[in-house]
Amino acid sequence: LKRFRQLQVIINAITGCSLSVAIIGVYFIVYLIIYAAIGVALFGKDDGFHFGTLYMGVLSVFQSSTYDNFSSVMYVSLYGCEQFEYPGFGDWSKYCVDPPAPNFLAAYVYFLFNAIVGGCVLINLFIGLMCSAMIDSYDNLELYTKTDAMVHKIGIRNKLPSGLINKYRQIFELLDV
C-alpha cells in the first residue's frame, strides 16, 4: 500500500473518519424515520403512494432529501391526489381514496424544511467530513514524505549505510501506533 501513495490517502481518509460517518449516518436514519412518521401523519390519506406506510414515507423523505424528482412527491402533497397524479402510473385512483382537502401551508413548510435540513445540512455533512479527512490524510502523507527525504539527506551527510536507516525506519513504524 505504501507504493501507491494516492490510494493510501484515500484508504486513510475513509478509515480515519469511519466512526464519524457512522454517527452521522445514524442521525440521518433517525431523521428519516421521524420525518417520515410526520409525513405519514400529515399526508398519508391524501398521498397513499408516498406516505401510505412508514416504509414508503422513509423512501419519499430520502428521495426529497437528495432532490431526486422530489417535485412530484411535493406536488401531490401540495395540491392533493385528485388534482395531481404521479407520472408513470396508470391507475392512480387506488392510492387516492377519500382524500381530505390538501393542506398547502403544511406541505410547503414540510418540504422546505426537508430540503434545508435533509438536503443541505445532513447530506453535506458527509461530503464535508470526507473532504476534511482527505485533506488531513494528504497533509500527513506530505509530512511523511518530507520527513523521509530529510532522513535520507541526513543519512547521506553522515555516511550512514542505507540498510541501517531502513532498519530504524522499520523499528519506528512498528512503534508508531
Side-chain angles (χ1 to χ4, degrees), residues 1 4-89 92 94-144 177:
L1 188 63
F4 304 105
R5 297 292 185 187
Q6 283 75 21
L7 182 62
Q8 184 180 2
V9 168
I10 294 170
I11 299 292
N12 287 343
I14 290 172
T15 57
C17 70
S18 60
L19 178 63
S20 299
V21 167
I23 290 170
I24 292 173
V26 168
Y27 285 148
F28 190 60
I29 290 170
V30 169
Y31 166 80
L32 288 176
I33 292 171
I34 290 172
Y35 215 64
I38 294 169
V40 168
L42 287 174
F43 312 116
K45 291 182 181 177
D46 193 32
D47 187 2
F49 180 75
H50 297 111
F51 294 104
T53 63
L54 184 63
Y55 172 74
M56 288 305 293
V58 168
L59 290 178
S60 298
V61 171
F62 181 76
Q63 178 181 355
S64 298
S65 295
T66 58
Y67 304 115
D68 179 34
N69 198 17
F70 80 98
S71 60
S72 296
V73 179
M74 183 179 66
Y75 288 152
V76 175
S77 299
L78 284 172
Y79 302 115
C81 62
E82 292 176 331
Q83 294 182 13
F84 187 84
E85 293 186 3
Y86 191 71
F89 287 92
W92 180 257
K94 66 181 177 181
Y95 299 111
C96 187
V97 179
D98 192 30
N103 190 346
F104 187 85
L105 182 63
Y108 180 77
V109 170
Y110 180 85
F111 284 99
L112 178 67
F113 186 78
N114 187 38
I116 292 170
V117 173
C120 294
V121 175
L122 289 175
I123 291 182
N124 285 331
L125 277 175
F126 282 109
I127 296 168
L129 186 65
M130 288 305 296
C131 288
S132 175
M134 290 285 279
I135 290 169
D136 289 345
S137 181
Y138 185 75
D139 289 345
N140 288 341
L141 179 65
E142 276 188 357
L143 180 65
Y144 178 81
V177 181

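A quick note: this is a predicted structure, and the numbers were derived from the prediction, not measured. These values consider heavy atoms only, across backbone and side chains, with no hydrogens, waters or symmetry-generated copies.
Contact between G57 and A36 at its shortest, heavy atoms only, is C-CB, 3.4 Å. Smallest separation of non-hydrogen atoms from S64 and F111: OG-CE2, 3.6 Å. Contact between A37 and L54 at its shortest, heavy atoms only, is N-CD1, 3.6 Å. For the pair D47 and V76, the tightest heavy-atom approach, listed with the atom from each and the gap, is CG-CG1, 3.3 Å. For the residue pair L78 and A107, the shortest heavy atom distance occurs at CD2-CB, 3.6 Å.
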Sequence neighbours excluded and cut-off under 3.5 Å, please list the side-chain donor-acceptor pairs for residues 119-139, or say none.
from, atom 1, to, atom 2, distance (Å)
N124, ND2, C120, O, 2.7
S137, OG, V9, O, 3.0
Y138, OH, E142, OE2, 3.3

All N/O donor-acceptor pairs, side-chain side in residues 14-27, below 3.5 Å, sequence neighbours left out:
from, atom 1, to, atom 2, distance (Å)
T15, OG1, I11, O, 2.9
T15, OG1, N12, O, 3.2
S18, OG, T15, O, 3.2

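With sequence neighbours excluded, no residue satisfies side chain to side chain donor-acceptor pair (under 3.5 Å) with Y110. Evaluation of the side chain to side chain donor-acceptor pair (under 3.5 Å) rule for Y31 yields N114 as partners, not counting sequence neighbours. Judged as a side-chain contact (heavy atoms from CB on, under 4.5 Å), and not counting sequence neighbours, N140 has no contacts. Residues passing the side-chain contact (heavy atoms from CB on, under 4.5 Å) test with L105, sequence neighbours excluded: N103, V109.
The 12-atom threshold is not exceeded at CZ of F62, counting heavy atoms of other residues, nucleotides or ligands nearer than 6.0 Å. No more than 12 heavy atoms of other residues, nucleotides or ligands lie within 6.0 Å of OH in Y108, so this atom counts as exposed by the packing criterion.
Side chains of F51 and I38 form no contact here, defined as non-hydrogen atoms less than 4.5 Å apart. Under the 4.5 Å side-chain criterion, counting only non-hydrogen atoms from C-beta, V40 is not in contact with T53.
Checked by atom type and distance alone, the side chain of Q63 never pairs as donor or acceptor with a backbone atom of F70 at under 3.5 Å.
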| request: In sequence, state the C-alpha distance, the side-chain angles, and the governing distance for S65 and Y35, and then conclude on side-chain contact (heavy atoms from CB on, under 4.5 Å). | output: CA-CA 11 Å; S65 295; Y35 215 64; over 6 Å; no
